[in-house]
Amino acid sequence: MGAGIPLRLAGGPEPVEEAWRTGAPADDTLVEVVRAAVAGTEAPGGGVGGGWGVAFDDFWCTVRPPEALAHPELLPEQGWKIHVSAASTVAAEVLSAVAGVLAEDPCVFKFAADRERLHQINSRNSERGSAGKFITVYPLDEVQFLRLTEELHLATEGLPGPVVLSDRPYAPDSRVHYRYGGITARAELGNDGAYRSMLRGPAGQRIEDVRGASYRCPPWVVDPVEGRGPTTGGRDRKAADEQARRSGGQERKGGAVLIGDRYALTAAVRHGSKGGVFLGTDTRTGEPVVVKQARAHIEVDQAGTDARVALRHEARLLGELAELGLTARPLELIEQADSVLLVQEHIPGQPLGSWVAARLAGGGAPDVPWEQAAPMALALVELLATVHAHGLVLRDLSPGNVLVRPDGTLRLVDLELACAAGTVAGIAGTPGYQAPEQTVAGGWPKVLRGSPGAEPTADLYALGGLFFLLATGHDPLLPVDLPLARPVPERLGRWLALAARESTTARRLAPAVLGLRAEQPQQRWSLERVRELIAQAASTQSPSATGSSAHAPTPQQLDRVLDRVLLDGLRHLAASATPLRPDRLWPTVPAGQRTDPCNVQHGAAGVLAVLARALRTPGLLPAEARSALELTVRQAAQWIERRCAAEPLVLPGLHFGRSGAAWALLDAAEALDDQALAGRARRLAAPVPTHWPNPDVCHGAAGAGFLRLRLGEADAALSIAHGLLAAAQEESYGTVWPVPKDFDSSLAGITHLGYAHGVAGVGAFLLAVHQATGDRESLAGAERAARTLAATARFDGAAAWWPQSADDPPNVRLAHWCNGSSGVGSFLVRLWRRTGEAAVRELAAAAGLAVLDSRWHSGTSACHGLAGNGEYLLDLARATGEPRFLAGARELAQLITARAALRDGLLVVPDETGTGCAAGYGTGTAGPLAFLLRLRHGGPRLWLDPLADPAADNTPPAVTS
């Protein structure tokens, strides 16, 4: 298989160059199916046959006929697309049928490159708007579209596959679906910094091409199959009934939505590709019910188990276990259209995860208090013992599947994966709670390679995870070690030992957690041994926090760990860059996949700035690592320049727009002593808008203003500041900067308090302008912002927390940089250093206490996690000289490093997902590395101090005993 051709069909803004691709998937069965269908003369340079060309990206295989290779311009920018679904069991048959039709009536098409990827498409975890889209066909025009829909329908008739919710089916129960959407049109940046597909009408209309869970088409388009107009908004009754049939098996009767002509649905609990979960009422008895839906050919495990089969199985188990008081009673199983609906008794209560969250004591304690945790731990043991005595294995014992009733008793929910002990079943479960023998190896389920059947020991492993949740408030999520994994108890034990230093529950449950989480099933503790431990712990004094498992490292030992994680992390960033890849220089978390790849939050600019700071840090890097890092900095700067040159839209934001990219390039130029690059960075900054409807730092005008200060353009920054002062509004609690309601943004109409999107960030910019220019109006605006924040603080003892917006419910208390104490405090401590006002200092210190109190229940990221919070504690330590804040920053660093994964011999901290190691500054590993770099080597804070010289103070705060 050769290099193929560039693609533009996967929805990204750029053609996908083949140079960085890894080639065909390991399982090329489906590719061979296509090769056979279009067999003929081999195409030079990698065709699949008959002169057809093929190209792979991370997920899709795209195939082009010779005409499309010679004339790619023939494919329209937008138009009618065809999606063909298939159950995994008939993937080859459906693909062969489709490829055979397209060999005779050629056009471009793509398909999921192997069976594992098809499983992801058909999985219950797939997005609702994407589920079922196995094959996508791109007709050249409406004439071919009409021809192909009929031909493909006939070719695949009778073969099973899921309904594609975003599309209209060609005919009832057809595998062929269609919708109008973008094809080759370049995706456009929206005002929030994410790419989106836009459709254009004949009269200049523009609407976003939304791929949701219901069929839509533009208002100017006539459906060529139905011969009628759009269905967006006011759809006709026939279409509405068809959508109801497909998405929920629901019938309309007397204006009510009924199931089985008896159960009235009153609210949706959640929606998913598998189907919905609804609250309802039995119209005959008046009793509340829960209705669960399972859609045809959506798979609940990697063996391809149909969701309907799993729901019927769950109904049978509920019938058995309800008699034991373990579950809700099943009331009725309804088969309707392509769905199965299970009606069951409604049991009041809350998921175990919510129960734990409500009982985390705060005040710096990681755990559920022992007097509440001990009865819960014992109840979980007895629940599991009863299930196992009944001969069953749950296979998905997790916080979301245990319901805590108001009286404290437990019930099980979502039993679709449960089975009799010894049953061979597909891989499935909840991350963090799946035993090693339940996970996927080599990209395909072990069950297909003859793995042993489900055993109770898998549930014991999950029980250890629930005990860890009680002890720390966290799910036991860690990135996978690659290529060889360290024992799970060893890795989890580091994290648990930190909690045990301050947590009675962690100290008492730690032996059980580690015993239950043993790598080998036969080594896991029995339930009887766990009972004995809980009983002993309940009857004795709390174990000492100074035991060997909870021993605190010396400052020197901790420094060695921090230094290794910092250097390993920098090496990993250099090694994981992909400068030949046009769409992203570094991988990102799922939330960042559609965003500008040059930005600070998820993209290359944030990483580049960290690498440039490391390059300027004296004594940090050995010669070989320094050379590799310098090469990466040069490559990253060149990559950002190329990518920005190809992007016509310039957004102002510091974290989601061009301001951050220009700032990072300037940092790189100074680190490399490259005056030419510095000049190009300034030219890149020139078109950044200086006035923008959104006032905030991340997306808007304040972010552009910070860039002007970084460039030394004080007058331009002052102009932006005066614009923001004119845009300020007064509320009863103070001065605010809302995003206009008519602005094309998901943030339209919001009024936030925090740094990223609200008052604190605008206040910090106004303060920085005053520092640069002496402008009194800007200082007065910053002081008004501080009064707003003082009026909206929410105190818990001496700690000050903030909501996202002033009118949030009283229980909303946030502590992070984007929204909450860390970001608010970052502004307040700088204002105090400027004005010396004691009340501002006290409020900044109170924000620091909230950050300390939240340390156990945060992820690792800079945006909303330990890294951003640790940066603020360093701010406080420098400003106040108080040892508690530096000690707190070091403790946060220790919590970050305890979660590191081993990747090719390098210790790498997790990203915000807890299971990956993506690179981004705001959500990935670069943010924690920036914090560790500043903790160990000093220097100003990235992105917050535009007037500071990075080389002026490289002395870290002193460590005090």
Side-chain angles (χ1 to χ4, degrees), residues 123-125 300-302 310 314 326 350-357 368 373 376-377 379-381 383-385 387-388 392-404 410-419 421 425-441 445-447 451 454-481 485 487-493 495-496 499 506 509-510 512-521 523-525 527 530 857 859 899 901 910 913-916:
S123 165
R124 63 177 178 170
N125 298 319
V300 300
D301 60 29
Q302 293 203 14
E314 181 175 4
L326 299 181
Q350 63 182 147
L352 178 62
S354 299
W355 183 91
V356 169
V368 174
M376 178 56 67
L380 289 167
V381 169
L383 179 75
L384 196 53
V387 170
H388 289 174
L392 295 176
V393 179
L394 293 175
R395 298 180 61 236
D396 194 16
L397 178 62
S398 62
N401 290 345
V402 177
L403 189 73
V404 185
L410 305 182
R411 295 292 185 271
L412 292 168
V413 297
D414 290 341
L415 297 180
E416 62 188 18
L417 299 181
C419 62
I427 301 300
T430 301
Y433 297 87
Q434 286 175 272
E437 64 271 20
Q438 282 185 287
T439 57
V440 175
K446 290 182 179 180
V447 68
S451 70
E455 296 296 337
T457 47
D459 289 345
L460 296 178
Y461 187 92
L463 180 64
L466 295 181
F467 283 8
F468 183 87
L469 178 66
L470 293 173
T472 67
H474 267 282
D475 294 315
L477 288 172
L478 290 169
V480 176
D481 285 347
V488 173
E490 175 188 326
R491 298 188 62 202
L492 209 60
W495 191 350
L496 191 59
L509 289 183
V513 172
L514 299 180
L516 289 165
R517 303 284 287 194
E519 196 81 10
Q520 297 301 318
Q523 295 177 355
R524 291 172 196 152
W525 279 23
L527 292 178
V530 175
H857 308 129
R899 305 179 201 181
T913 68
T915 58

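Reckoned from all heavy atoms, side chains included, excluding hydrogens, waters and symmetry mates.
Between H857 and H474, the ring planes lie tilted relative to each other; the angle falls in the 30° to 60° range.
The main-chain N or O of A428 is found under 3.5 Å from a side-chain atom of Q434 such that the two form a donor-acceptor pair. Judged purely by atom type and a 3.5 angstrom limit, R517 uses its side chain to pair as donor or acceptor with the backbone of Y461. Within the 3.5 Å criterion, the main-chain N or O of P436 finds no donor-acceptor partner in the side chain of E519.
Between the CG atom in L496 and the CZ atom in F467 there is a gap of 12.5 Å [rounded to 0.5 Å]. Separating the CG atom in L460 from the CG atom in L397 is a distance of 9.5 Å, to the nearest 0.5 Å. Here CG of L392 is found 8.5 Å from CG of L415. Values are rounded to the nearest 0.5 Å. Distance check, rounded to the nearest 0.5 Å: CD1 of I427 to CG of L417 gives 10.5 Å. D459 contributes atom CG, which lies 9.0 Å from atom CG of L527 (distance to the nearest 0.5 angstrom). Note that CZ of F468 and CG of L514 are 9.5 Å apart. Values are rounded to the nearest 0.5 Å.
When every heavy atom of R395 is checked against every heavy atom of C419, the shortest pair comes out as CD-SG, 3.4 Å. Heavy-atom minimum distance, L470 versus A373: CD1-O, 4.0 Å. Of all non-hydrogen atoms in V300 and A310, the two that sit nearest each other are CG2-CB, 3.8 Å. What you find for P456 and A421 is that their closest heavy atoms are CD-CB, 4.4 Å. What you find for G473 and V356 is that their closest heavy atoms are CA-CG1, 4.4 Å.
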- Task: Using the side-chain contact (heavy atoms from CB on, under 4.5 Å) rule, take V402 and W355 through it: C-alpha gap first, then chi angles, then the decisive distance, then the call.
- Result: CA-CA 10 Å; V402 177; W355 183 91; over 6 Å; no
- Message: Let's go through M376 and L466 carefully: what are the C-alpha distance in whole Å and the side-chain angles of both, what is the deciding distance for side-chain contact (heavy atoms from CB on, under 4.5 Å) to 0.1 Å, and is it a yes or a no?
- Response: CA-CA 10 Å; M376 178 56 67; L466 295 181; over 6 Å; no
- Message: Run the side-chain contact (heavy atoms from CB on, under 4.5 Å) test on N401 and L394 for me, step by step, so that the C-alpha distance in whole Å, both residues' side-chain angles and the decisive distance to 0.1 Å come before the verdict.
- Response: CA-CA 10 Å; N401 290 345; L394 293 175; over 6 Å; no
- Message: Evaluate L412 against L403 for side-chain contact (heavy atoms from CB on, under 4.5 Å), listing each step before the verdict.
- Response: CA-CA 6 Å; L412 292 168; L403 189 73; over 6 Å; no
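Salt bridge absent: R524 and E455 never bring a charged side-chain N and a carboxylate O closer than 4.0 Å.
The only option from L463, L469, D396, L477 that meets the side chain to side chain contact (heavy atoms under 4.5 Å, CB included) definition with Y433 turns out to be L469.
Taking the side chain as every heavy atom from C-beta outward, R491 and P479 approach each other to under 4.5 Å.
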